[in-house]
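Proteins get letters first, then strands, A, B, ... in listed order; numbering begins at 1 in each. For the numbers below, each heavy atom of this structure counts, side chains included, while hydrogens, waters and symmetry mates do not.
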2 protein chains.
Amino acid sequence: MTVQTILLVEDEKDIRELLALTCKREGFAVLETENGAKALTLAREKKPDAIVLDLMLPGLDGLSVCKALQRDPDTAAIPVIMLTARGEEIDRIVGFEVGASDYVVKPFSTREVMLRIKSVLKRTSLVPEQTALASGAIRLDALRHVVFVGDEEVLLTVTEFRLLEDLLRHAGQVRSREQVLDAVWGYSFEGYARTVDTHIRRLRAKLGPGADVIETVRGIGYRIKG
Amino acid sequence: MTVQTILLVEDEKDIRELLALTCKREGFAVLETENGAKALTLAREKKPDAIVLDLMLPGLDGLSVCKALQRDPDTAAIPVIMLTARGEEIDRIVGFEVGASDYVVKPFSTREVMLRIKSVLKRTSLVPEQTALASGAIRLDALRHVVFVGDEEVLLTVTEFRLLEDLLRHAGQVRSREQVLDAVWGYSFEGYARTVDTHIRRLRAKLGPGADVIETVRGIGYRIKG
DNA sequence: CTTTTTTGTCACAGAATTGTAACCATTCGT
DNA sequence: ACGAATGGTTACAATTCTGTGACAAAAAAG
């Protein structure tokens with residue numbers, strides 16, 4: 001996945017830098033401005049994935065910026081998170097009149113803003129992950145976190161579950177041990193590739209009669225039939 | 001248990017699926033169709049609690065569907081939320097002539113639509129039963145703020161109540177501690193995820209024989225059986 | 001203000017999970 | 001057929017996770 005960009009529009013330097021730092025720490029790219037007019041230009045030119053917008057800005061204020069963003073078809077789809085003081089007309093802000101996707105009330109914690117950003121990004125990304133996966137006699141439901149072989153529920157540990165999910169999401173494709181390690185264990189894992197083998201074995205044991213959907217591709221890795 | 005059902009009428013598959021996912025995540029049941037005529041049949045047969053209706057549909061368009069729903073006494077009471085493009089004659093849509101309960105302008109965020117649905121349901125549902133949730137021997141009534149295990153009333157604290165309510169609203173789905181914290185404690189809570197465990201424990205203690213509906217999903221979080 | 005209730009955090013023990021290494025079994029090229 | 005890779009199996013120590021009880025701070029009730 002590509003890096004997502006956040007546009008921060010806030011005139012108070014301290015707050016802006018704090019937010020910028022937090023966003024960067026979470027792996028986002030950051031654009032900053034203290035000015036409403038510049039925010040509009042930046043939004044149009046750079047198409048950020050989300051905008052964090054202070055309501056009180058010198059010159060063109062946050063409300064006007066937000067409305068302008070909504071009116072422009074180029075930027076209308078970008079979610080906006082408003083930073084507001086308590087008691088401001090939140091219904092109007094989030095309603096259609098202004099059109100913000102969400103808001104955070106000052107004083108806020110960076111954690112709170114981060115959560116809003118992530119939540120908003122999850123909501124607006126048009127590719128909802130498929131939650132139900134299946135192959136052969138095996139069914140996996142990521143939302144409910146259950147796996148069935150035929151009619152029988154199978155209890156998997158987290159790692160086993162994630163491993164099976166990764167294989168199913170790439171059903172038909174070979175997955176090398178390295179790919180699986182990156183996807184299931186994360187990039188920071190520094191262990192042996194053979195770890196995958198052990199978990200494949202445990203998976204097969206638990207899947208019982210359904211185990212034959214997992215094929216070994218010698219010299220490469222594993223693959224789900226299909 | 002009374003799960004509320006939403007009928008989604010939208011021909012663009014991506015949008016429909018995104019909305020469906022959002023509704024399901026919020027604990028609603030979902031019916032989907034891309035076709036105006038089928039929408040009428042479905043509405044009559046299944047009596048959904050709300051209908052989200054795209055204005056632009058191939059064949060029978062949204063306006064006609066909405067008018068037809070209004071004329072039929074079986075469906076006239078079902079609130080309709082229209083998805084419209086900007087600049088369409090919103091006054092007519094929500095007014096007497098067409099009779100939609102509310103509308104959302106494209107492009108919209110799922111959050112926006114969700115808020116409309118909930119607001120419309122709140123306005124139209126006069127039946128307190130619709131706030132009733134249940135699983136196994138446990139019944140929870142959000143409106144009256146009471147919980148029963150079998151015939152025995154159980155007194156819960158606010159936090160315990162909200163926790164149980166959140167789990168019940170996502171019955172069958174795993175809820176991670178993070179998700180629960182965000183939903184029950186709010187985004188601004190900065191505490192420890194293990195706090196959830198303690199409250200789960202207190203809940204289980206109070207639920208007594210009904211406690212077995214709360215399952216621990218090791219490595220992930222908790223889930224209500226079902 | 002005092003008492004009671006509720007709530008969040010912590011420490012700890014038991015249990016489940018996991019990564020690794022060592023050892024077989026199988027496959028493949030020669 | 002043989003040796004070298006490669007994958008399967010097993011056992012085990014280390015780690016991680018959850019349930020529990022205790023406790024102090026915070027909130028609510030009196």
Side-chain angles (χ1 to χ4, degrees), chain A residues 109 111-112 145-147 153-167 174-208 210-225, chain B residues 145 147 154-167 174-225:
Chain A
S109 68
R111 174 188 141 88
E112 206 175 339
H145 207 272
V146 287
V147 173
E153 178 168 358
V154 175
L155 299 174
L156 301 183
T157 68
V158 206
T159 312
E160 288 157 8
F161 190 92
R162 282 210 280 259
L163 171 57
L164 180 60
E165 185 180 352
D166 178 70
L167 293 178
V174 209
R175 294 237 91 198
S176 72
R177 292 178 177 73
E178 283 69 28
Q179 285 178 312
V180 171
L181 280 179
D182 287 350
V184 176
W185 276 262
Y187 290 105
S188 48
F189 180 77
E190 305 214 352
Y192 289 72
R194 291 299 307 277
T195 298
V196 177
D197 296 33
T198 302
H199 282 272
I200 287 282
R201 182 190 147 273
R202 288 172 180 156
L203 242 185
R204 283 174 167 158
K206 288 195 182 177
L207 295 181
D212 59 344
V213 298
I214 304 179
E215 296 176 323
T216 303
V217 182
R218 215 188 152 73
I220 312 274
Y222 298 92
R223 173 179 54 202
I224 293 284
K225 266 189 197 170
Chain B
H145 208 274
V147 173
V154 175
L155 298 173
L156 300 183
T157 69
V158 199
T159 312
E160 288 157 6
F161 189 91
R162 280 211 284 260
L163 171 57
L164 181 59
E165 185 180 351
D166 178 71
L167 292 178
V174 213
R175 297 286 282 167
S176 72
R177 291 179 177 75
E178 292 299 326
Q179 286 178 313
V180 170
L181 280 180
D182 289 349
V184 176
W185 276 261
Y187 287 120
S188 46
F189 180 77
E190 305 218 18
Y192 194 33
R194 291 297 309 278
T195 297
V196 177
D197 297 34
T198 301
H199 283 271
I200 287 282
R201 175 175 145 273
R202 289 169 182 159
L203 243 184
R204 282 175 169 157
K206 288 196 182 176
L207 294 180
D212 59 343
V213 298
I214 304 179
E215 295 177 324
T216 303
V217 182
R218 201 161 216 285
I220 309 275
Y222 298 93
R223 175 180 53 203
I224 293 285
K225 265 190 198 171

Rounded distance (nearest 0.5 Å) linking atom CD1 of B/I214 with atom CG of B/L164: 6.0 Å
Determine: side-chain N/O of [X] to OP1/OP2 of [N], distance under 4.0 Å, yes or no.
{"X": "B/H199", "N": "C/dT7", "result": "no"}
{"X": "B/T157", "N": "C/dT7", "result": "yes"}
{"X": "A/Y192", "N": "C/dA21", "result": "yes"}

Geometric class of the B/H145/B/F161 ring pair [parallel <30°, tilted 30-60°, perpendicular >60°]: parallel
Carboxylate-amine/guanidinium contact A/R202 A/E160, below 4.0 Å: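 Result for this pair is no, no salt bridge flagged.
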Exercise: do A/R204 and A/T216 side chains pair donor with acceptor under 3.5 Å: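 The answer is yes; a qualifying pair exists.
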Check: D/dG19 base within 3.5 Å donor-acceptor of B/R194 side chain: yes
A/R202 (side chain) and D/dG8 (base): donor-acceptor pair under 3.5 Å: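 Donor-acceptor pair under 3.5 Å: no.
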Closest-nucleotide ordering on DNA chain C, the 5'-leading residue of B/R218 and B/L156: B/L156
Contact nearer the 5' end of DNA chain D, comparing A/R201 with B/D197: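 Final value for this comparison: A/R201.
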Nearest atoms (heavy-atom pairs only) where A/R223 meets A/V174: CB-CA, 4.0 Å
From [atom1] of [X] over to [atom2] of [N], roughly how many Å is that when rounded to an integer?
{"X": "B/L163", "N": "C/dT6", "atom1": "CG", "atom2": "C1'", "answer": "14 Å"}
{"X": "A/F189", "N": "D/dT15", "atom1": "CZ", "atom2": "C1'", "answer": "13 Å"}
{"X": "A/I214", "N": "D/dG8", "atom1": "CD1", "atom2": "C1'", "answer": "14 Å"}
{"X": "B/E160", "N": "C/dT5", "atom1": "CD", "atom2": "P", "answer": "14 Å"}
{"X": "A/W185", "N": "D/dT15", "atom1": "CH2", "atom2": "C1'", "answer": "15 Å"}
{"X": "B/L203", "N": "D/dT20", "atom1": "CG", "atom2": "P", "answer": "13 Å"}
{"X": "A/F161", "N": "C/dT17", "atom1": "CZ", "atom2": "C1'", "answer": "16 Å"}
{"X": "B/I200", "N": "C/dG8", "atom1": "CD1", "atom2": "P", "answer": "13 Å"}

Of the nucleotides [options], which one has an atom closest to the side chain of [X]?
{"X": "A/T198", "options": "D/dT18, C/dC10, C/dA21", "answer": "C/dA21"}
{"X": "A/Y222", "options": "C/dT9, C/dT17, D/dG8", "answer": "D/dG8"}
{"X": "B/T195", "options": "C/dG8, D/dT10, D/dG8", "answer": "C/dG8"}

Touch class at under 4.0 angstrom, heavy-atom based, for B/R204 against every strand present: sugar-phosphate
